[in-house]
Amino acid sequence: MKGSTGKDGGAGLNLIIRGGHIVDPSQGIDGIGDILVEEGRVRGIETEGSGFGAAEGGPYQVIDASGMYVLPGLIDMHVHLREPGFEHKETIRTGTMAAVRGGFTSVCCMPNTKPVNDNETVTEFILRKAYAESACYIYPVGAVTKGQDGEELAEMGMMREAGCVAFSDDGRPVMNSLLMRRALEYSKAFGVPIISHAEDLSLSSSGVMNEGPLSVELGLRGVPAEAEVIMIKRDIELAGLTGGRLHVAHVSTAGGIDALREAKKRGIAVTAETCPHYFTLTEEAVRDYNTDAKVNPPLRTERDVEAVKEGLADGTIDVIATDHAPHHRDEKLCEFDRAASGISGLETALPLSLRLVEEGVLTMGQLVLKMALTPAAILGIGRGTLKAGADADIVILDPRREFRVESERLLSLGKNTPFDGWLLKGAVLMTVVKGRLYRWDD
Ligand code: DOR
């Protein structure tokens, strides 16, 4: 599969995963069953109890998954792997190990590396490196503009050819509306989405947290919600004008969600994602100037958090992604104003998202849709399913097991999490990807 990175492509792994609660929306499965994996591929699912008994005694490892969820491997369409250029923050190896630890079997890597992934040479470098070193599948996102400078379109066609599955200047918006229009026109021709980092820079100025009474109280410059809302509205109109496919990244505001809801009613081709921190935390998390809670867009208000949950529940928000943004300790151990923005999110995303299931915001099936099948569909990558013949991308999850987040023990080089010390429920026990079985329960 172009754009993917299957070094060992699944050869050799034979498993029977027995008695787990399988949730696979691609086949309408939500019940107890067994999964047979042969040579790294799903051979079949048995939910009627016959249980692949005949296969036992063969060259199969048998895994008892009773009491566990067995899900398609998760797909994170928004990850910063930092390589090339910022290996002190993260590498392809460490970032994908963190992904697999968190239950993700495929990730999209954003182009704000050094050099920027704005041409096929960088795309090819990432894929070559990934082929050799990546623990999971990697799908690169190419830059919309050269150097992410917002002035000239990048060679999108060549990058698409080399394996990019989407285009974005993530980390920065495409401020020039004509360039955004052209990018959407090309995206239509290539059949890939443009991922919008929706931020009106003239409004966000050099803000470092949400604008409101708290930013005044803390003496920090604020970013108004409108900086996001206005750009989402602009991009929706441009998607309508061009017929291109728009995907809005890391939505954080009630106003943005209202705009997306309206756009979907109008039949505009737009999808959207949010991240666990936007439905778990409010701006209160930065009250003590905690730089690990500094993120762009910033954490918002209680009302926004409620709107994000409503947007997830009614389908306005299609995807949960992490925006995994690892930074070196030194880039966070400084004044709030000067600290880097971003949260290391791959290893906490699943348990934080499971809270939505516990709260009744989403069903387990809807969660799997938002974290596996829908991102696969948006990216056109044919994963996120346990259908017979698919690569065995599988996560086994103990929904009751609690664990305490210890930032220093994260596999990511980025220890920058505002969830350090939190007790979370829902532990990934095993991940199957690229023909390997990872056990995390010992
Ligand atoms: O907080 C963020 N960090 N938001 C972004 O959009 C970019 C990211 C990064 O690359 O660190």
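In this chain, numbering begins with 1 at the start of the sequence shown. Start at 1 and go down the list; that is how both ligands and their atoms are numbered. Below, all heavy atoms of this structure are taken into account, side chains as well, without hydrogens, waters or symmetry copies.
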Task: CZ on Arg101 to CE on Met97, rounded to 0.5 Å - done: 9.5 Å
- [ ] Return the orientation label for the Trp422 and Phe419 ring planes: parallel under 30°, perpendicular over 60°, tilted otherwise.
- [x] perpendicular
Open item on the list: Just to verify, what does Glu302 make a side chain to side chain donor-acceptor pair (under 3.5 Å) with, not counting sequence neighbours?
Closed with: none
- [ ] Keeping to residues at least two apart or across chains, list the ring pair (Phe, Tyr, Trp, His ring centres under 6.0 Å) pairs with something in residues 243-285.
- [x] His78-His250, His197-His250
Open item on the list: For Tyr289, does the six-membered ring have the charged nitrogen or CZ of Arg287 within the cation-pi criterion, i.e. under 6.0 angstrom from the centroid and within 45° of the normal?
Closed with: no
Side chains of residues 369-376: which donor-acceptor partners sit under 3.5 Å, not counting sequence neighbours?
unit_1: Lys370; atom_1: NZ; unit_2: Leu312; atom_2: O; d: 3.0
unit_1: Lys370; atom_1: NZ; unit_2: Ile317; atom_2: O; d: 2.8
unit_1: Thr374; atom_1: OG1; unit_2: Leu369; atom_2: O; d: 3.1

Open item on the list: At less than 4.0 angstrom from any atom of ligand 1, which residues have a non-hydrogen atom? List them by chain and residue number.
Closed with: His80, Arg82, Asn112, Asp170, Gly171, His197, His250, Val295, Asn296, Asp323, Ala325, His327, Ser341, Gly342
